[in-house]
There are 2 protein chains.
Amino acid sequence: MARERKFSTVDLYQSTKHLLLEHGYDGFTFSMLANRLDISRGALYKYFENKEVLISEYMVFEMKKFMVQLHKIQEYKSFEEKFDYLIHLIFHDQEIHRLREIGLEIPRSPNTKVHENQEQLDQLHYEMYTSLQSFVELGKQEGIIKPSIPNGLFLGFIFQTIAIPNHENLPYSEWVSSIKEILRHGMFKI
Amino acid sequence: MARERKFSTVDLYQSTKHLLLEHGYDGFTFSMLANRLDISRGALYKYFENKEVLISEYMVFEMKKFMVQLHKIQEYKSFEEKFDYLIHLIFHDQEIHRLREIGLEIPRSPNTKVHENQEQLDQLHYEMYTSLQSFVELGKQEGIIKPSIPNGLFLGFIFQTIAIPNHENLPYSEWVSSIKEILRHGMFKI
DNA sequence: ACTTTAAGTGACACTCGTGTCACTTTATGA
DNA sequence: TCATAAAGTGACACGAGTGTCACTTAAAGT
């Protein structure tokens, strides 16, 4: 019926991700993306009215992908297993944390599509939140986590932890197991 | 000799700080700053050739101020006291962490003034680093910190920790003491 | 072969931040 | 009181990103 597209949706999302992580929300431009995909800037406007639409749409895609992974946490029954899986997951999907922050930079827009995507993101975020909340609750029920720790703080520690820059370039496994150890039992002796 | 200035250096730094924290490095513009100081944009160019010069100069000011505080850690002798002081310090100077990140966004510039400021920032950063390193070493010598923990990870935990968003809006003292408790002895029982 | 239709192009007009500069304003001290 | 010099102003030219649109290109169906 019509001419073949010069780029796939996968290409587009990959490039978007790459450019977002490299230049941040403000630094991202349609020119860059067009350039990377080897098409003209004008062509992009055939698919996305503007940056907000494109990025919010991409964010929904990325968050859905992450939630598929996160829901697998239900396959593990004990808190200990879930804990290991969660740490493993966020270390292997490091960017998601930064990307979620970038997603929050999209200005609340009156544009219908953007608004829909933002509502969907809110929904996904809420799902993530409840999923993680019940994970923490389980830890308390099983008597593994200290009950005095607020749930938000528990989760905050886990998510902030992965953003600690490994300046000394310690080997991955050593780094992760040190972090787990600190999360479990702290940095002080006894 | 000449006409009176419409703004003080303190005004200028305060406004710069405020705008940087609100809009980030890229979002910061001379128009905003001029507007806030109630002068014309052109006037700012009498003092700063461009954004890089202004912001790098401000960052040096802010870092020096922070280092004065940090050096006071030497007044405390035991590791425990130093630990308490450090946590207190970075909680009461929360923005410094975000500001330091923003400072790193200033592109390495050929401009002499910017270059000088950046070298001074590097120097200040190095001072901060060594000061904190010896703090950690003391903790290990005193047998308080687990020796297996890499120094960078120890410091990373402390600095990332303050960035955990207190979504549940727990009272400050409760929040801080929970964080200290986790840093000391972790989130798991026993 | 020819029409249809979506893909893609590049030029245009617009906005916004930048850096400059001739000009105006206003304290000061000679 | 008046020359001086720093403070401040606003207009200009420039570059970069935006969004649009008439136009060209190339598969696919008839």
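All of these numbers come straight from a predicted model, not from anything done at the bench. All values below were derived from every heavy atom in this structure, side-chain atoms included, with hydrogens, water molecules and symmetry-related copies excluded. Note on naming: letters A, B, ... go to the chains in the order of the sequence lines (proteins, then strands), and numbering restarts at 1 for each one.
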Worksheet item: Between B/Leu37 (CG) and D/dG8 (P), how many Å, whole number?
Response: 10 Å
Worksheet item: What is the distance from CG of A/Leu54 to P of D/dG19, rounded to the nearest Å?
Response: 11 Å
Worksheet item: Nearest of D/dG10, D/dA7, C/dG8 to any side-chain atom of B/Arg3?
Response: D/dA7
Worksheet item: If only side-chain N and O atoms of B/Tyr47 are considered, is one of them under 4.0 Å from the OP1 or OP2 phosphate oxygen of D/dA6?
Response: no
Item to complete: Would you check if the distance from the ring center of A/Phe30 to the ring center of A/Tyr45 is below 6.0 Å?
Response: yes
Worksheet, complete the sentence: A/Asp26 atom CG is separated from C/dG17 atom P, nearest whole Å, by 12 Å
Quick test: give all pairs of protein nitrogen or oxygen and nucleotides 18-22 of chain C nitrogen or oxygen below 3.5 Å, distance rounded to 0.1 Å.
{"from": "C/dT18", "atom 1": "OP2", "to": "B/Phe30", "atom 2": "N", "distance (Å)": "3.3"}
{"from": "C/dG19", "atom 1": "OP2", "to": "B/Tyr45", "atom 2": "OH", "distance (Å)": "3.2"}
{"from": "C/dG19", "atom 1": "N7", "to": "B/Arg41", "atom 2": "NH1", "distance (Å)": "3.0"}
{"from": "C/dG19", "atom 1": "O6", "to": "B/Arg41", "atom 2": "NH2", "distance (Å)": "2.6"}

Discussion item. With a cut-off of less than 4.0 Å, is there a side-chain N or O of A/Lys6 near OP1 or OP2 of C/dT9?
Written reply: yes
Worksheet item: What is the distance, rounded to the nearest whole Å, between atom CD of B/Glu4 and atom P of D/dG8?
Response: 9 Å
Worksheet item: B/Leu19 has an atom CG; how far is it from atom P of C/dG17, in whole Å?
Response: 13 Å
Worksheet item: Quick one: does A/Glu168's side chain have a donor or acceptor within less than 3.5 Å of a partner on B/Gly152's backbone?
Response: yes
Practice prompt. Among B/Glu57, B/Glu52, B/Glu49, find the residue that satisfies the salt bridge (charged side-chain N to carboxylate O under 4.0 Å, His left out) test when tested with B/Lys113.
Written response: B/Glu49
Worksheet item: Over how many whole Å does the gap from A/Met32 atom CE to D/dA16 atom C1' extend?
Response: 11 Å
Worksheet entry | Derivation and outcome, salt bridge (charged side-chain N to carboxylate O under 4.0 Å, His left out), residues A/Lys146 and B/Glu181 | CA-CA 10 Å; A/Lys146 293 173 185 166; B/Glu181 170 55 20; 2.9 Å; yes
Worksheet entry | Test of ring centre spacing under 6.0 Å for A/Phe79 and A/Phe135 | yes
Worksheet, complete the sentence: Atom CG of A/Leu33 and atom P of D/dT18 are separated, to the nearest Å, by 11 Å
Worksheet entry | Sugar-phosphate, base or nothing in reach of B/Phe7, heavy atoms under 4.0 Å | sugar-phosphate
Practice prompt. Kindly work out whether a path of hydrophobic side-chain contacts (I/L/V/M/F/W/Y, heavy atoms less than 4.5 Å apart) joins B/Tyr129 to B/Met63.
Written response: no
Practice prompt. Please determine if B/Lys51 forms a cation-pi arrangement with B/Tyr25, meaning its NZ or CZ atom is less than 6.0 Å from the six-membered ring centre and no more than 45° off the ring axis.
Written response: yes
